[in-house]
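As a basis for the values below, the full set of heavy atoms in this structure was taken, side chains included, without hydrogen atoms, waters or symmetry mates. Order of listing sets the numbers, starting from 1, for every ligand and every atom in it.
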Amino acid sequence: MSCVSCATLTPGLLDLDEARQRLLAAARPLAASETCPLDAALGRILAAPVHARLAMPGADNSAMDGYALRLVDLDTHPDGLPVIQRIPAGCAPAPLAEGSCARIFTGAPIPPGADCVIPQERCRLDARGRMHVHGEALLGANIRRRGEEYGEGAALLPAGQRLDAPALALLASQGIVEVEVTARLRVALISTGDELVEPGTPLAPGQLYNSNRVMLRALLQPQNCEIVDLGTIADTASALREALSQARDCADVVICTGGVSAGEEDHVRPVLAELGELHFHGVAMKPGKPFAFGHLHRAGGDVPLLGLPGNPVASLVTWQVLGQAFVQACQGRRPRPLQQLPVKAGFSRRAPQGRCELLRVVLDRHEHEPVARLAGGQGSAMLGAACQADGYLMVPGDMPILEGNAYAFLPVAQFAV
Ligand code: AMP
Ligand code: MG
């Protein structure tokens, strides 16, 4: 689902999809890797594929608490089967003698000779201790076969996989204690703006608390980057030049906020053009139009720079739909395409000209169907609605939003990791 058709784009602005594609095409995955203990690998990215050392399951085993037996013995022993073995999980069973059965528990190995497990709910022991079965018994029932999930050598996880809880569990189930992961991406963070002060400091007239800094740190943290926080930089070309030079020398990616529009106090673009190259500036989206992307020249390899808008919601949204995918690609991940689902608008509204709008919305249920409602004020500095939103309703530019029509909904949950 494209954001806007080219025909409706404001000249000079890139379509969101195209901006994303250009970013991903420019991303160079870090080559360095390191060995990491499994216990410390949460959120890290696999540098190489992992193959199975062990088949899973490693042996035929019981899927239920019950009795293991030979199916044919049920017909030939109508007066019941003596229980001659007890097999809890973790023990090695003896072969099952003909005409007998074994008490067995979930996960315990099937004794050689047995060909089905009857759940205990369907078994009855008579006064002589012989076991009788109610209902039908099927060959192979309730037996998990050796290698039924995968065999030795099977591809388990690809390079670029982020190690989340199930992936760590899969590695642990193979007895793996350490993994080769990509090096942590060093991301330099720069806030620009003479008006910005840190929370904890009294505000002088005209000043504003720096909220982008803590937000971007929080957004980068689950990406497992090493954050190099260069603080707040004054709105002068020389201060920015110095900060970007420092960032270039100590980071793999530079992210700055503010100062990226076309005003006299906006120095990011001219200084970037001086120290490197601006690839594009301006995306046909609201919020987020001033987003810029370029490279700072450095001997031994240029360093990419993401210029996020200063307005907090614009900063948030451009990080989510553009910056995050770029950073992930630099970590060796293959970013997922933006997840978009059709959802009906529960309101009507005018759309901005020449730009698609990502409205912060909450999903309500009407007659079992999700319907989007505005989460609050939609200004690009209004963080309140962003805090409440379930996602963004993406509406093409130049078209009024009509209640009852379906638009692309981008759940914010997709940006969690
Ligand atoms: P700019 O892109 O620098 O023109 O900033 C646009 C708006 O965002 C201005 O109102 C700034 O005061 C505000 N802004 C810029 N940076 C930040 C920040 N780090 N935290 C909060 N607001 C900011
Ligand atoms: Mg500024």
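The side-chain tip of Arg103 points at the ring of Tyr67 from less than 6.0 angstrom away and within 45° of straight on.
The closest side-chain donor-acceptor pair between Gln320 and Tyr392 falls under 3.5 angstrom. Checked by atom type, the side-chain pair Ser348/Glu403 shows no donor-acceptor distance below 3.5 Å. No hydrogens or angles considered: a donor-acceptor pair under 3.5 Å links the side chains of Arg184 and Asn224.
Between Arg213 and ligand 1, no pair of N/O atoms sits closer than 3.5 Å. Considering backbone and side-chain N/O atoms, Ser261 never comes within less than 3.5 Å of an N/O atom of ligand 1. In terms of polar-atom proximity, Gly259 is counted as a contact of ligand 1, with an N or O under 3.5 Å from an N or O of the ligand.
The Glu195 neighbourhood of ligand 1 comprises atoms 11 (C), 12 (O), with distances under 4.0 Å to a heavy atom of that residue. Close approach to Asn210 involves these atoms of ligand 1, each under 4.0 Å from a residue heavy atom: 18 (C), 19 (N), 20 (N). Every atom of ligand 1 is numbered from 1 in the order shown, and the set under 4.0 Å from a heavy atom of Tyr209 is 20 (N), 21 (C).
By the 6.0 Å contact criterion, CZ on Arg298 is enclosed, its count of non-hydrogen atoms from other residues, nucleotides or ligands being greater than 12. For Gln221, the CD atom counts as loosely surrounded, since its 6.0 Å shell holds 12 or fewer non-hydrogen atoms of other residues, nucleotides or ligands.
Protein heavy atom closest to atom 4 (O) of ligand 1, with residue, atom name and distance, is Asp266 OD1, 3.8 Å. Protein heavy atom closest to atom 17 (C) of ligand 1, with residue, atom name and distance, is Asn212 ND2, 3.3 Å. When hydrogens are left out, the protein atom nearest atom 21 (C) of ligand 1 is Ser211 OG, 3.3 Å; that is the closest non-hydrogen contact. For atom 22 (N) of ligand 1, the closest non-hydrogen atom on the protein side is Leu208 CD2, 3.4 Å.
Considering only non-hydrogen atoms, atom 10 (O) of ligand 1 lies nearest to Asn311 out of Leu216, Asn311, Val197. Nearest-heavy-atom check against atom 5 (O) of ligand 1 across Ala262, Gly310, Gly307, Cys256 picks out Gly310.
Residue Thr232 places every heavy atom at 4.0 Å or more from ligand 1.
Remark: the backbone N or O of Ile118 is not paired with any side-chain donor or acceptor of Asn142 at under 3.5 angstrom. Although no hydrogens or angles enter the test, the distance criterion places a donor-acceptor pair under 3.5 Å between the side chain of Arg248 and the main chain of His297.
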